[in-house]
Amino acid sequence: QVQLVESGGGLVQAGGSLRLSCAVSGRTLSSYTMGWFRRAPGKEREAAAAISWSGGNTYYADSVKGRFTISRDSAKNTVNLQVNNLKPEDTAVYYCAASDIQGAPLKGWSYANWGQGTQVTVSS
């Protein structure tokens, strides 16, 4: 079982930045893919970004490319999401997730482990 705890959310003005962090514990993650997903009010959950723990391959949703950067720190067992140039439509609860399924990094169904989420609110 993988435990995930997100932090770093908050209220920010449009154009601002935040750094979301996910502390990971419970298992060796060498074969895992780590993802950040988000759920905006009244909308379905969607993928933002993902990274393979072993090789560092990264994947991004089109809506965040060029603005979000995902990274992992193997020494600290954290997965981070740097979010820049935030827009009001980025307002959502952001979730960290872990998957041991290969080949579907931006598909929520492939993730069995989820954190509680951190709220990001972007004011215009």
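When a residue number appears, it is its place in the shown sequence, counting from 1.
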Which is it for N113 and Q1 under the side-chain contact (heavy atoms from CB on, under 4.5 Å) test, yes or no, and what are the steps along the way?
-> CA-CA 8 Å; N113 302 278; Q1 187 74 8; 3.7 Å; yes
Can you tell me how far the CE atom of M34 sits from the OG atom of S71, to the nearest 0.5 Å?
-> 11.5 Å
Using the rule that two of Ile, Leu, Val, Met, Phe, Trp, Tyr join whenever any of their side-chain heavy atoms come within less than 4.5 Å, decide whether Y94 and L106 are in one cluster.
-> no
Go through the steps to decide whether Y32 and R72 satisfy the test side-chain contact (heavy atoms from CB on, under 4.5 Å), and finish with yes or no.
-> CA-CA 12 Å; Y32 275 68; R72 88 262 191 253; over 6 Å; no
Path from L18 to V93 over hydrophobic side-chain contacts below 4.5 Å = no
Side chain proximity check, Q119 to T91, heavy atoms < 4.5 angstrom | yes
Min side-chain heavy-atom separation C96-W36 under 4.5 Å = yes
Group every Ile, Leu, Val, Met, Phe, Trp and Tyr by side-chain heavy-atom contacts under 4.5 Å, then state whether Y60 and Y95 land in the same group.
-> no
Does some side-chain heavy atom of D90 sit less than 4.5 Å from a side-chain heavy atom of V83?
-> no
Using the test side chain to side chain contact (heavy atoms under 4.5 Å, CB included), find all partners of N57 that sit at least two apart in sequence or belong to another chain.
-> S52, Y59
Are a donor atom and an acceptor atom from the side chains of N84 and Q82 found within less than 3.5 Å of each other?
-> yes
Does the distance from a Lys or Arg side-chain N to an Asp or Glu carboxylate O, for D62 and K65, drop under 4.0 Å?
-> yes
Paired with S21, the side chain to side chain contact (heavy atoms under 4.5 Å, CB included) test is passed by just one of L81, V79, N80, namely N80
Check the angle between the aromatic planes of Y111 and F37 and answer parallel, tilted or perpendicular using the 30° and 60° thresholds.
-> perpendicular
Quick one: disulfide bond (SG atoms under 2.5 Å apart) pairs with a partner in residues 51-87, sequence neighbours left out?
-> none
